[in-house]
Amino acid sequence: MSRKITIDPITRVEGHGKVTIHLNDQGEVQESRFHVVEFRGFEKFIQGRPYWEAPVLVQRLCGICPVSHHLCSAKAIDEIVGVSQSDLTATAVKMRRLMHYGQILQSHALHFFYLASPDLLLGIQSSFDRRNIVGVALDYPDLAKKGILLRKFGQEIIKVTAGKKIHGISAVPGGIHKNLSLSEKNLFYQGGEIPTIHEVMKWAQETLEFYIEYHKKNKSWLEGLALCQSNYLSLVRPDGAMDLYHGVLRAIGPNGERILDDVDYHTYLEHFAEDVKPWSYMKFPFLKKLGIDRGWSRVGPLARINTCDFIPTPLAQAALEYFRCYHGSRICHTTLSYHWARLIELLHAAEVIAQLLDDPDLQQSSLIVTGQRAKTGIGFLEAPRGTLIHHYEVDEKSAITMCNLIVSTTHNNEAMNRAVNAVATQYLKNNQELSEGMLNHIEVAIRAYDPCLSCATHAIGNMPLHVSLFNSQGHLIHERYK
Amino acid sequence: MKEVSFKIDGKTYKAPLGENLIMAAKRNGVYIPTLCYLEGHPCLGTCRVCTIRVNGRSMAACTLTLTENMQLEVNTSELQDMRKAIVELIFVEGNHFCPACEKGGDCQLQAVAYAMDMRVARFHYSFSPYRIHYEGKNIILEHNRCMHCKRCTNLFQDDQGYKIFSFINRGSKTRVMIDLDREKLLSAEKLREAKQLCPTGAILLQGGGFDRAIGTRQYDQRPIGVIPKGEK
């Protein structure tokens, strides 16, 4: 008799979702589904609002990565006011970049130290009560302190560039409404409550080294869990360098072959479509060229490490070379290597911030440019969790008539479903009970992608874990909550 | 002008006879919240946010002038809660989503709500249903934020002295409308004046807001209700 297992809700990710596992008559895993079960409908209720509200309104999708939505929306709205990215003033572009890399730094620090490190450092089988940032702080006080301060540094960068640590308002159509004063710049050199940029770079490097040692010691389970081959998608700079703010669209296959060869992101509708499943509010984007079954891609840190030719900052580039050398391949498919890739990006973000803080353009006063109004604006950005797409259409009266958001986590939807399936298949091979070990491993596999389900469905909520097991007649035969 | 004595919450103050009560209180460092009232203009008395108790009766302070030996109650907990309830009712009647409103930081309604420590409305939201009015050349009317204070309809005039805002419909369907022919001719300065005159974000201008950094907006610099020593 077939069965179905449900995990609801999943913990230590941003948003609300659950997992169901369906067994066939032989008791084998037939299908696993990662359901995202809440809905807010930003794309609908933004219709009718004036276009300049979009960067401020849409960022309310999320409290973790609002900067990504703010900037991606601002890039799209720049086009509505007839301003291309090359038209923006140097100060506007660099302020936005500084804000964005501050966001990457704080979000990656949040994920690694607060969300992922309890599993990695305390062990998946450790007590649930202890497996959190407090547990990490008790066992690894120095590391936890650095993690908290790294995040704080990123948030302070956001504050001086966006006006607030969360939900700032500085990116406006055609530019930015503030520059970086010298006193604000000095905050990041003088130490005290905020670490200096030099400390941040050192700590980012130390954390990466710490993780590499950890990875080496735990190679077998880290490289075996939820392994899957996939396509990878990200923006890259036209010369192939990693660029998290702007670039051309590159998609590669499992062997590194180009599927999208550095195309202009304004053509995304020619390349992408979205599938909808009745059991989830999160859509399934895919590359039209390859179809629904083969066209899904992974995005985010591991994808960017795979797609880029190089990283344009020296420490992160050295880390990338070591990463590729260690894995013995140009393309890495190891799901838990998302953590490693994330820490390389954290180091890269620190290096970029150091370069930008030193740039006198940030103190210039030319902030906003104007152009000829257009009806459509499309913005792409590499958010901490992957490729983010904002697309707006605006009528001649300034009202938004259409909004399409494809957020990073959505691209990873199929991959997360497969990750759950891989873990469930492994654990339910000989035993059809929902063991603690299985629940933990499913969570760890999903968490590697750092999914933000609030963004993905434009929904909100906490996310504890609920797993249900259903038989072939659809009857619930076992469920567990955590 | 002759000065007279009056009492606020049992304490004796002095102010010129016939002065508006809002100003007489302010002169003595006592803040009475207001929304429709605008210093130097005729009182409108529409919002009732300045409700105080005068000689035992609840009245709108902006509608009254000072007389000898007036006994005013301003900051009793009952009156504070009553005024807060009025502000909450304004919030639930419209759609005042401050996080995405370009008037944030410059909005008097938001500032008053902060000053009253309003965290949440105790009443049900009415889910204001209006579409944004984009028919003006420069002015956009966000009816869902209009609190019908009459500032724009009664106090705003164009350069030729014509009033260009007026109410249409009646009762709960009352809305502000603009004279589209005269609105086209407004100078940039007059347009800014219209936007600033609105105590909420109901009057917007084409081309956008969010033009000033957090920390530089009107109520970022000085929260409403803070009366520096010596300011009269």
Side-chain angles (χ1 to χ4, degrees), chain A residues 42 45-61 63 66 69-70 73-74 77-78 80-82 95 99 158-181 183-184 367-368 370-371 373 394-401, chain B residues 94-107 110 114 125 127-146 175 178 180 183-184 188 191-192 194-195 198 200-221:
Chain A
F42 268 72
F45 68 66
I46 198 168
Q47 289 174 13
R49 305 301 312 173
Y51 65 81
W52 54 89
E53 275 187 14
V56 177
L57 180 58
V58 176
Q59 65 172 335
R60 295 278 165 174
L61 280 167
H69 291 289
H70 183 53
S73 180
I77 299 298
D78 287 341
I80 298 290
V81 297
M95 282 293 285
M99 192 193 312
I158 294 168
K159 187 179 173 186
V160 297
T161 49
K164 284 199 295 179
K165 289 177 186 172
I166 303 172
H167 300 136
I169 60 169
S170 66
V172 292
I176 196 137
H177 70 204
K178 80 181 287 290
N179 63 7
L180 189 76
S181 69
S183 62
E184 288 169 332
L367 304 178
I368 297 173
T370 53
R373 272 281 297 279
V394 173
D395 68 17
E396 68 283 358
K397 293 288 186 185
S398 304
I400 293 170
T401 55
Chain B
N95 181 7
H96 298 279
F97 184 65
C98 300
C101 177
E102 63 185 80
K103 203 73 184 284
D106 291 314
C107 172
Q110 181 192 42
Y114 275 133
Y125 281 84
F127 300 104
S128 180
Y130 300 116
R131 285 180 182 276
I132 298 176
H133 183 269
Y134 286 102
E135 299 312 310
K137 177 169 176 267
N138 296 299
I139 289 180
I140 296 169
L141 294 175
E142 173 35 310
H143 295 300
N144 299 300
R145 295 179 187 151
C146 177
R175 276 182 292 157
I178 37 178
L180 294 174
E183 182 267 347
K184 275 186 224 163
L191 288 167
R192 273 196 301 277
K195 183 176 177 181
C198 178
T200 73
I203 298 177
L204 307 176
L205 302 182
Q206 276 288 358
F210 304 107
D211 53 352
R212 280 175 298 145
I214 292 171
T216 64
R217 301 168 304 179
Q218 184 178 355
Y219 298 114
D220 294 336
Q221 296 180 327

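- Nearest heavy-atom pair across A:Val56 and B:Pro99 is CG1-O, 3.3 Å.
- Taking a 6.0 Å sphere around CZ of A:Arg373, one finds it holds more than 12 heavy atoms contributed by other residues, nucleotides or ligands.
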Output a table of donor-acceptor pairs, distance under 3.5 Å, between side-chain atoms of residues 48-55 of chain A and any protein atom two or more places apart or on a different chain; print 'none' if there are none.
{"residue": "A:Arg49", "atom": "NE", "partner": "A:Glu53", "partner atom": "OE1", "Å": "2.9"}
{"residue": "A:Arg49", "atom": "NH1", "partner": "B:Glu142", "partner atom": "OE2", "Å": "2.6"}
{"residue": "A:Arg49", "atom": "NH2", "partner": "A:Glu53", "partner atom": "OE1", "Å": "3.3"}
{"residue": "A:Arg49", "atom": "NH2", "partner": "A:Glu53", "partner atom": "OE2", "Å": "3.1"}
{"residue": "A:Arg49", "atom": "NH2", "partner": "B:Glu142", "partner atom": "OE2", "Å": "3.1"}
{"residue": "A:Trp52", "atom": "NE1", "partner": "B:Glu102", "partner atom": "OE1", "Å": "2.6"}
{"residue": "A:Glu53", "atom": "OE2", "partner": "B:Arg145", "partner atom": "NH2", "Å": "3.4"}

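- Within a 6.0 Å radius of OH in B:Tyr114, no more than 12 heavy atoms belonging to other residues, nucleotides or ligands are found.
- Atom NZ of B:Lys195 has more than 12 neighbouring heavy atoms from other residues, nucleotides or ligands inside a 6.0 Å radius.
- For a residue to count as touching a neighbouring chain, one of its non-hydrogen atoms must lie under 4.5 Å from one of that chain's; by this rule A:Lys178 touches chain B with the side chain only.
- A:Lys397 is linked by a salt bridge (Lys or Arg N to Asp or Glu O under 4.0 Å) to nothing, counting only residues two or more places apart in sequence or in another chain.
- Note on B:Gly209, B:Gly207, B:Gly215, B:Cys101: by heavy-atom pairs under 4.5 Å with chain A, the leading option is B:Gly207.
- Contact annotation for A:Ser398: both backbone and side-chain heavy atoms come within less than 4.5 Å of a heavy atom of chain B.
- When B:Ala100, B:Gly208, B:Gly136, B:Gly104 are compared by the number of non-hydrogen pairs under 4.5 Å with chain A, B:Gly208 comes out ahead.
- Between B:Ile214 and A:Ile169 the shortest side-chain heavy-atom distance falls below 4.5 Å.
- Across all non-hydrogen atoms, the minimal contact from B:Ala213 to A:His177 is CA-NE2, 3.2 Å.
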